[in-house]
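Working notes, structure below.
Residue numbers begin at 1 in each chain, while the letters A, B, ... track the order of the sequences.
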Amino acid sequence: MGNPFRGADVISILDFNRGDLELLFEYADRAQKRLGTKLDVLKGRVVALAFFEPSTRTRFSFEVAAKRLGADVISVSGEEAISVAKGENLADTIRMLDAYGDLIVIRHKHEGAAKLAAEIAEDPVVNGGDGWQHHPTQAMIDLYAVLKLFGTVDGLRYALLGDLKYGRAIVSFLYGLTRFKPGAVYLVSPEPLRPRREVLMKLEELGFRYEFAASLDSVIEEVDVLYVSRVQKERFPDPAEYERLKGSYVVNLKTLSRARPGLKVLHPLPRVDEIALEVDATPHAAYFYQASLGVPVRMALLSLISGAEI
Amino acid sequence: MGNPFRGADVISILDFNRGDLELLFEYADRAQKRLGTKLDVLKGRVVALAFFEPSTRTRFSFEVAAKRLGADVISVSGEEAISVAKGENLADTIRMLDAYGDLIVIRHKHEGAAKLAAEIAEDPVVNGGDGWQHHPTQAMIDLYAVLKLFGTVDGLRYALLGDLKYGRAIVSFLYGLTRFKPGAVYLVSPEPLRPRREVLMKLEELGFRYEFAASLDSVIEEVDVLYVSRVQKERFPDPAEYERLKGSYVVNLKTLSRARPGLKVLHPLPRVDEIALEVDATPHAAYFYQASLGVPVRMALLSLISGAEI
Amino acid sequence: MGNPFRGADVISILDFNRGDLELLFEYADRAQKRLGTKLDVLKGRVVALAFFEPSTRTRFSFEVAAKRLGADVISVSGEEAISVAKGENLADTIRMLDAYGDLIVIRHKHEGAAKLAAEIAEDPVVNGGDGWQHHPTQAMIDLYAVLKLFGTVDGLRYALLGDLKYGRAIVSFLYGLTRFKPGAVYLVSPEPLRPRREVLMKLEELGFRYEFAASLDSVIEEVDVLYVSRVQKERFPDPAEYERLKGSYVVNLKTLSRARPGLKVLHPLPRVDEIALEVDATPHAAYFYQASLGVPVRMALLSLISGAEI
């Protein structure tokens with residue numbers, strides 16, 4: 001069987017079908033078993049991390065994944081990345097990374113930045129999150145977390161809570177679910193944070209079924225997976241709107257009191273206060289476990305792109 | 001004989017007894033001899049450096065130590081660390097590092113941050129300096145420097161000069177001396193920068209003898225080791241108090257004119273102007289030598305914690 | 001034949017003669033062929049990058065070069081470097097890097113910073129660009145690019161365009177040309193950005209022939225190599241002067257319409273708008289190729305300094 005990731009750019013989770021993702025998850029299982037050993041399958045390769053928007057969690061897990069596979073890593077982030085972005089056009093920066101590295105991971109606030117990078121670079125480009133829509137490796141991790149927690153992604157009942165307009169992780173998870181057969185998908189968000197028309201049209205095109213739910217309370221009793229996303233202040237044009245909405249979608253012990261015993265709460269992290277700390281000690285909390293899968297899933301992806309066996 | 005460092009957190013120099021430290025110093029001797037070769041005793045391990053307070057010297061020597069042992073390193077510092085700290089609670093950040101790395105080094109301005117991290121993380125946590133009190137690896141380096149310079153830590157006469165209230169390095173060195181038998185210990189600091197009650201009570205509890213000295217002049221003739229610490233502006237609630245005191249405790253050729261020929265001046269660095277540049281060329285200056293021991297001592301510690309022979 | 005780079009500091013391109021540079025270029029050829037493999041010739045060595053002035057391109061290519069040779073790298077740059085520079089004197093910082101690393105690359109805005117570092121450090125020091133005059137490794141890359149593009153550096157006709165007063169890359173390229181026998185060298189810059197007296201005297205001393213050209217138009221028809229440099233805002237004492245001059249020396253399709261078919265445009269990058277994007281698609285554009293040589297040339301230099309064969 002072919003390896004569809006080999007040499008490929010990874011811009012959107014929608015670039016891949018169910019079989020592709022299942023292959024990835026097999027590799028993630030293998031990577032999981034090899035943690036703690038230094039592999040040399042990417043020895044001699046240089047992975048360039050260009051984080052024009054900060055994300056320590058994503059950056060660190062890519063960096064650890066690459067190093068565990070034997071690659072070297074160069075990394076620009078934080079203020080330095082911002083200053084690079086100001087100093088020259090993105091295309092020239094990408095050409096530099098393309099010349100010095102063998103694989104580029106880019107994170108950028110602008111929608112389409114990863115796609116643009118992929119068009120310019122000869123190296124494979126992995127989208128580490130751009131714009132409001134695509135964060136494919138996060139979706140891979142989230143789907144893999146569900147698989148590990150439930151043994152399947154199919155047939156489960158999902159509630160996606162929070163910011164479906166600006167939250168690229170939750171939108172990508174939603175896209176990812178279209179590759180499987182969920183039992184139900186409830187989109188729970190305040191009116192102004194519902195998915196964009198473009199997303200809904202895509203779901204329709206794919207014949208993907210979902211329902212809007214006015215509140216979490218109305219669905220909490222029946223769901224297996226509660227995917228929580230952060231209401232991000234920086235994404236709101238109007239700070240007052242943010243203040244009004246931020247508290248509405250908080251998950252705490254009270255929220256979960258009517259949940260099924262097997263309910264698992266996922267969150268791409270970092271959280272601010274949308275999941276109360278008191279939830280951490282419950283068996284519902286799966287977000288730290290989920291985060292721990294970042295390294296093996298990204299090891300799987302990097303090795304598949306590089307055509308390397310692990 | 002057991003290895004008390006194996007899998008242990010290193011929060012305070014007081015966590016260790018004389019025998020522990022002597023074992024560490026043996027390992028530092030071995031590490032010293034292996035500089036220039038790349039060891040592979042930590043190959044496959046990831047050391048996570050989380051410097052929420054800047055310190056290039058400490059960070060670099062941990063980084064070099066880890067890499068010389070064959071480990072991979074991930075590192076967050078500077079503005080990026082500050083933004084991480086703002087974006088989520090410390091516990092969540094520690095859980096991330098715990099998931100991605102195998103050993104965590106943390107530096108933080110808050111007293112107790114390293115201990116908190118150690119309670120959360122399953123990985124061993126090393127305190128790279130927190131609050132006003134604990135900087136155990138610096139104390140290890142400083143004691144090792146004395147040992148290398150004099151052949152012993154015991155029986156020598158020490159003056160500790162400067163900020164004993166806010167200066168974690170000098171306080172930790174003082175704590176470290178309690179594990180040995182110094183000939184005399186003089187604490188030379190302006191009244192408002194004397195050690196806190198908590199420190200003095202700890203010394204009393206340990207039956208450790210020291211004396212306050214009003215000025216360096218009164219003791220300079222008899223001491224073997226002069227440990228100088230910086231009067232740090234950022235630690236003063238009142239800038240005027242800082243301005244008044246900063247010049248009082250400067251070491252220069254004049255200060256040293258009455259010193260014993262064998263006197264060695266130590267300083268955890270960086271210095272600002274508390275040691276005049278003219279001192280660098282004298283045989284008293286041991287602070288650059290001391291700093292150079294940062295790598296072998298930290299190599300020793302990291303390998304002992306990891307249960308690896310060097 | 002001896003290796004003049006072994007253990008040497010690299011402060012100015014003028015430290016080296018034609019034979020030295022030809023040896024370097026031979027090594028660059030070999031490095032070029034080994035890209036994609038991880039060498040171990042610098043295994044166990046630590047390269048310390050101290051970028052007190054930002055330059056992602058230079059820093060990344062040094063970092064990749066060092067890692068491809070098997071070295072470990074520690075790196076301080078951006079805000080963190082600035083804060084280090086504020087916190088202690090440069091000499092103390094260099095001593096720290098000298099103690100922790102085996103080779104130091106320094107970039108600094110102050111003329112002479114690299115030389116000062118070399119005087120303090122026992123490790124070899126490589127100037128990654130300092131002041132307005134010296135950027136020797138960039139000149140090595142630029143000369144090597146000419147060699148690869150034309151098969152020779154000699155006999156070609158060069159135009160050097162832009163900021164010859166503040167632009168260290170273009171000045172270093174000019175210095176580098178003195179080691180060869182160019183057919184002609186035209187210096188094309190606005191009056192206030194002509195080379196400093198110190199540079200002109202050096203050229204005279206070397207018996208190096210060049211001509212001033214009032215505009216690019218007057219020489220564009222006959223040159224083989226057009227070296228473009230950026231008019232850097234931060235180098236102008238008077239912002240108004242910058243605004244007046246910045247547009248005068250832009251290279252675009254119109255500028256190049258009268259150029260020889262074989263003309264190659266070089267630029268140390270990053271560019272802002274001194275080369276129009278429309279030029280990228282022409283066969284004249286050699287600046288991305290030139291940039292790609294940064295890694296092999298720096299690999300060559302690092303291995304020669306370390307006395308390692310590649």
In Å, rounded to the nearest 0.5 Å, how long is the span from [atom1] of [X] to [atom2] of [Y]?
| X | Y | atom1 | atom2 | result |
| --- | --- | --- | --- | --- |
| A/E88 | C/D273 | CD | CG | 13.0 Å |
| A/R45 | C/T37 | CZ | OG1 | 11.5 Å |
| C/F62 | A/I74 | CZ | CD1 | 14.0 Å |
| A/M96 | C/S61 | CE | OG | 9.5 Å |

Exercise for the section: Return the option, out of C/S55, C/S292, C/A291, with the maximum number of heavy-atom pairs under 4.5 Å with chain A. Expected result: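 Ranked by contacts with chain A, first place is C/A291.
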
Completion exercise
Nearest heavy-atom contact between C/V64 and A/Y100 is CG1-O, 3.6 Å

Problem - More than 12 heavy atoms from other groups under 6.0 Å of CZ on A/R196 - result: yes

Exercise for the section: Take atom CD of A/E122 as the centre, draw a 6.0 Å sphere, and report whether it contains more than 12 heavy atoms from other residues, nucleotides or ligands. Expected result: no

Exercise for the section: Using non-hydrogen atoms and a 4.5 Å limit, figure out which bit of C/L277 sits close to chain A: side chain, backbone, both or neither. Expected result: side chain

Practice task
Identify which part of C/S77 has an atom lying under 4.5 Å from any heavy atom of chain A, answering side chain, backbone, both or neither.
Solution key: side chain

Problem - Beyond-backbone contact of A/D98 with C/F288, side-chain heavy atoms, under 4.5 angstrom - result: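 Result no, sub-4.5 Å side-chain heavy-atom pair not found.
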
Practice task
Please examine the side chains of A/V46 and C/K38, heavy atoms only from C-beta on, and report whether any two atoms are closer than 4.5 Å.
Solution key: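 Not in contact.
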
Exercise for the section: Could you tell me whether C/R59 and A/E80 make a salt bridge, using a distance below 4.0 angstrom between a side-chain N and a carboxylate O? Expected result: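 Salt bridge present between C/R59 and A/E80.
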
Problem - Salt-bridge present (A/D72, C/R68; N to O < 4.0 Å) - result: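 Result for this pair is no, no salt bridge flagged.
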
Practice task
Check whether A/D92 gets within reach of chain C through its side chain, its backbone, both or neither, counting any heavy atom under 4.5 Å.
Solution key: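 Interface part for A/D92: both.
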
Handout entry: Heavy-atom contact with chain C under 4.5 Å, split by part of A/N89
Key =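 It is the side chain, since no backbone atom gets that close.
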
Problem - Short side-chain to backbone donor-acceptor contact, C/K67 and A/V73, under 3.5 Å - result: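 Yes; judged by distance alone, with no hydrogens or angles, the pair exists.
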
